[in-house]
Amino acid sequence: MAMAMITSLSPATSSFSKFIEIKKCILEGFTSIKHLKHVHAALFRFGLHQDSYLLNLVLKASFNFDQTNYTRFIFHQAKDPNVFLWNTMIQGLVSTDCFLDATQFYASMRTQGFWPNNFTFPFVLKACSRLLDFHLGIRIHALVIKLGFDRDVFIKTSLLYLYSKCGYLDYARKVFDDIPDKNVISWTAMISGYIDVERYREAVDLFRKLIDMGLRPDSFSVVRVLSACAHLGDLNSGEWIDRCITQFGLSRNVFVATALVDMYAKCGNMEKARYAFDGVPVKDIITWSTMIQGYASNGLPKEALDLFFQMQKEKLAPDRYSMVGVLSACARLGALELGDWASKLMDIEEFLSNPVLGTALIDMYAKCGSMTQAWEIFKRMKEKDVVVWNAAISGLAMNGHVKPAFGLFGQMEKSGILPNANTFMGLLCGCTHVGLVNDGRRYFDSMNRVFSLTPTIEHYGCMVDLLARAGLLGDARQLIKNMPMEANCIVWGALLGGCRLHKDTQLAEYVLKKLIELEPWNSGNYVLLSNIYSASHKWDAAAKIRSIMNERGIQKVPGYSWIEVNGTVHEFLVGDKSHPMSEMIYKKLGGLAKELKAAGYIPTTDYVLFDIEEEEKSISLVATMYTRLFPKSSGHLFTWAGNGKRGPTQPTEAEYQKLISAKHKHSAGSGEATAMPMEALRPSLAVPTISFGINNSHKSLPHLASLNTKIRFPIAVQNHFNLSLSNYCISSSKTEIATLASFVSSSTAKGNYWVVLMAKPPEGFTSKPQIIDYYVNTLGTVLGSEKDAQMCIYDASCDTHFGFCCHIDEQASRELSRVPGVLSVELDKNFESENKDYGGNNLQNSTSASETTSIRTKKLFITGLSFYTSEKTLRSHFEGFGELVEVKIIMDKISKRSKGYAFVEYTTEEAASAALKEMNGKIINGWMIVVDVAKTKPQNFSGSRPRATVQRE
């Protein structure tokens with residue numbers, strides 16, 4: 001209507017009437033930018049386009065349509081803009097998140113001689129905070145003091161927010177303390193500053209002072225301080241804040257209630273979390289998600305799924321947070337089918353584009369034993385952060401594919417992703433799973449030495465477990481003594497498990513005393529010690545432990561198992577007969593026991609809990625054994641023993657050997673693929689042989705276990721983790737496909753180790769990297785891939801005599817002998833030794849020309865360096881041979897990362913000669929280096945490397 005009045009105005013109408021009608025139209029609001037432009041045109045029509053008041057109203061309205069270009073046009077039409085127009089522009093740009101533009105307008109305002117006022121400073125300071133422009137903020141703070149606005153509470157609060165966002169908490173606290181009349185916003189800004197830098201205790205204490213001052217907190221401050229309590233696990237402070245919420249009438253606020261649920265869940269009190277959840281009158285998806293995640297993270301997966309189904313009945317579509325909680329619950333239950341169904345409630349693209357969702361899905365598949373599906377998701381992830389890599393590495397490790405997990409860790413390094421503490425948790429757990437003590441020690445040591453990560457108590461726990469399982473009980477105990485923190489029950493429990501495994505009752509008694517001090521209520525400690533005595537036939541001591549349990553009223557927690565069949569999870573206690581199909585189940589178990597005994601299986605019951613009969617022990621082991629042998633026959637079985645250890649007793653190696661034939665018969669009789677080798681059958685013992693999916697896979701038989709010890713040169717070191725991730729050589733409807741690298745069936749493992757003598761390389765192949773490249777190219781013509789050739793070569797000679805050692809089959813060796821430049825191909829009879837014979841000379845005992853005479857240079861060239869090796873680390877390895885002039889690692893100009901090579905210069909030729917002799921082939925930060933004499937004219941590494949012209953006959 002007002003717009004119609006403006007249209008009907010004539011030039012004869014008084015200016016005051018025009019002013020009033022246009023103002024009325026502006027205040028009524030605009031429906032579109034086109035509507036606003038009509039009013040702006042009316043200002044020009046009636047000569048009011050220079051009226052500062054009306055222009056100010058139009059400017060404010062134009063920001064509502066996110067048309068900053070048009071707003072700038074309006075502003076620049078003003079011939080003499082005043083400070084109010086400048087303030088409106090700065091405020092509008094800040095409100096539309098154009099923070100850099102706001103600071104630029106502020107600079108123009110000062111250039112044109114305008115002084116900012118108390119309306120200017122809060123907004124320009126907010127822009128500085130969002131941009132983290134600390135230096136501009138400092139200059140504005142000085143101007144605030146100069147102009148006498150340093151007592152203004154809003155400006156001081158803005159300065160407080162600036163300093164806290166930029167990380168200067170001490171400055172922020174000084175500003176806060178100088179505010180004479182602090183309002184809730186000032187208190188909240190200071191509390192948020194502490195929380196942002198993880199100083200949660202100061203944030204909670206400051207909130208207490210806020211309440212003591214008689215101020216009423218707003219919902220934002222309450223939500224923030226509840227998050228601080230959640231991070232601290234401070235349940236007492238959380239309960240006090242809960243009472244304050246009721247007192248101030250904020251309990252019906254959905255944001256406050258959701259934060260309260262989250263706080264109780266993260267503090268482990270799910271009863272109060274559920275009470276707070278039920279008290280929310282109108283729950284949004286965030287409230288439901290918080291509660292579901294709370295159940296899942298507190299070990300209550302069934303409750304999490306029940307609540308999810310209840311949410312489904314409310315017709316609420318799951319968001320990413322509820323989906324993460326559901327997938328975590330399914331992972332804990334081993335409910336593969338249910339997790340697969342839940343994941344289909346969201347578009348797969350959401351999982352692939354969101355690292356949090358993708359990680360949850362990878363973790364669920366891995367923990368449910370479907371590593372193939374987990375790997376498929378990992379491959380398709382569009383954005384892989386460190387958490388995604390960790391999920392894949394841990395998944396491979398927990399499923400027994402430990403060497404491939406190591407390979408994936410190498411690829412993670414090459415991708416430029418820095419590992420964190422959780423990465424090494426996965427690697428160490430994998431080492432524990434298969435007993436790789438040396439690898440575990442290497443990764444544990446590299447945490448601090450290479451990656452500057454401080455091991456936590458969890459990492460120490462993994463190492464103690466690894467050493468204890470391997471029988472190195474003394475080393476495990478010494479590690480506990482050397483820990484920088486007090487050992488907890490998990491660490492001592494790991495050592496106790498090793499004592500049980502190796503029947504060291506004396507050490508076990510000592511450990512048990514420690515455990516009882518830490519958790520005297522835990523029946524598992526007593527049960528485990530009793531089992532040790534029973535296995536050692538110390539029946540009186542075992543009975544004494546049982547009597548102590550009775551005297552103290554300690555009841556053994558019953559063990560239970562659960563299995564998912566057709567999407568339904570069934571739970572069983574030990575000896576449980578409450579299931580409606582228990583009669584059929586026990587009948588089937590009895591039949592399986594007879595079949596296994598007929599196959600030669602004799603159960604070992606020494607380590608089974610003492611309070612069940614011998615026949616029951618046998619049935620328990622039979623059920624577990626059958627499930628491990630035939631995991632796809634009926635469902636996904638997971639067991640949880642009451643003593644806190646995952647699963648019943650691990651069957652021995654001998655028991656598995658006796659069952660190999662049964663597995664073979666089962667596979668042949670059911671129409672499945674032929675039996676997989678021992679490594680695939682028992683992941684916990686696996687040292688997997690790898691197939692890289694090449695065309696001539698029958699020729700290439702690289703072995704990760706040997707690669708770790710046999711590789712002698714940097715090309716293979718840098719590439720032996722660069723596996724072919726897209727090809728699999730085993731696939732069937734019932735056999736789980738090994739991921740990252742496929743297990744080669746036992747029938748193909750026919751490779752031998754060969755010494756290949758070579759003629760002198762062609763002209764142009766002078767340096768060691770070039771000669772090795774020539775060897776790789778020669779072998780690659782036979783294998784069909786240079787990458788696979790790199791993986792098969794485990795030794796090389798590049799000095800007086802030329803040749804290399806490789807692992808290939810006989811057919812490939814015959815083809816190799818016919819390649820031009822190859823003098824002979826003989827079996828490596830000295831494979832286990834480092835001494836290789838190339839041309840009748842022992843490389844380790846003979847000396848090359850470069851070793852017998854002093855080199856005529858003081859400068860060495862190093863290749864094969866890890867990207868994370870620093871000049872300081874390199875200097876520490878080379879300074880023992882003489883005085884150093886310079887250690888320089890060559891850096892990439894764009895990425896600022898190491899290119900993997902360096903120059904080392906000494907003051908004398910003798911020092912350089914000694915370093916060349918001793919350091920060539922040494923391992924630095926897990927990478928083998930090559931040391932050579934630096935050329936007078938540096939090589940050009942940017943171009944393509946020379947290739948040998950080797951052709952097949």
Side-chain angles (χ1 to χ4, degrees), residues 233 268 299 421 424-425 428-429 431-433 435 437 440-441 444 447 454-559 606-611 640-650:
F424 287 95
M425 277 299 298
L428 292 175
C429 287
C431 294
T432 302
H433 191 65
V437 177
R441 280 175 164 161
F444 183 78
M447 284 186 66
T454 303
T456 65
I457 195 166
E458 288 82 7
H459 298 100
Y460 280 101
C462 280
M463 280 303 299
V464 170
D465 194 23
L466 173 61
L467 296 171
R469 286 174 183 268
L472 304 173
L473 299 177
D475 291 353
R477 186 175 179 181
Q478 187 62 41
L479 182 62
I480 294 176
K481 288 182 179 179
N482 296 337
M483 285 170 53
M485 70 286 289
E486 286 293 325
N488 60 13
C489 57
I490 304 298
V491 177
W492 287 113
L495 182 55
L496 186 60
C499 295
R500 170 184 179 272
L501 188 63
H502 299 283
K503 300 182 181 180
D504 189 337
T505 54
Q506 184 176 1
L507 181 58
E509 287 182 271
Y510 170 80
V511 175
L512 183 62
K513 292 176 182 178
K514 295 288 186 179
L515 281 169
I516 291 174
E517 290 177 9
L518 294 170
E519 43 178 18
W521 63 87
N522 189 343
S523 63
N525 302 328
Y526 302 91
V527 171
L528 194 54
L529 183 62
S530 177
N531 288 341
I532 294 172
Y533 286 140
S534 298
S536 303
H537 305 292
K538 296 182 179 180
W539 309 116
D540 292 340
K544 183 179 180 181
I545 294 296
R546 296 186 70 174
S547 64
I548 292 174
M549 291 178 66
N550 293 331
E551 290 172 6
R552 299 182 180 180
I554 299 171
Q555 297 293 323
K556 189 184 80 67
V557 179
D606 292 348
Y607 298 112
V608 185
L609 300 181
F610 58 75
D611 53 352
W640 180 265
N643 62 2
K645 302 296 180 185
R646 177 65 73 173
T649 305
Q650 290 281 345

Shortest non-hydrogen contact from Leu428 to Gly440?
CD2-O, 3.4 Å
Roughly how far, to the nearest 0.5 Å, is CZ of Phe444 from SG of Cys462?
9.5 Å
To the nearest 0.5 Å, atom SG of Cys431 lies from atom CZ of Arg469 at 13.0 Å
Rounded distance (nearest 0.5 Å) linking atom NE2 of His459 with atom CE of Met483
12.0 Å
Show the nearest heavy-atom pair for residues Cys489 and Leu515, with the distance to one decimal.
O-CD2, 3.4 Å
If you measure from SG on Cys499 to CG on Leu507, what distance do you get to the nearest 0.5 Å?
3.5 Å
Identify whether the distance between the nearest side-chain nitrogen and carboxylate oxygen of Arg441 and Asp475 falls below 4.0 Å.
yes
Does this structure show an ion pair linking Lys544 with Asp540, if we count only N-O contacts that are shorter than 4.0 Å?
no
May I have the step-by-step check of side-chain contact (heavy atoms from CB on, under 4.5 Å) for Ile480 and Val464, ending in yes or no?
CA-CA 7 Å; Ile480 294 176; Val464 170; 3.7 Å; yes
When rounded to the nearest 0.5 angstrom, what is the spacing between OG1 in Thr432 and CG in Leu467?
8.5 Å
So side-chain hydrogen bond (donor to acceptor under 3.5 Å, both in side chains) across residues 478-490, not counting sequence neighbours, yields Gln478-Asn482
Any heavy-atom pair between the side chains of Arg477 and Leu473 that's under 4.5 Å?
no
For Lys514 and Leu495: C-alpha separation, side-chain torsions, deciding distance, then whether side-chain contact (heavy atoms from CB on, under 4.5 Å) applies.
CA-CA 11 Å; Lys514 295 288 186 179; Leu495 182 55; over 6 Å; no
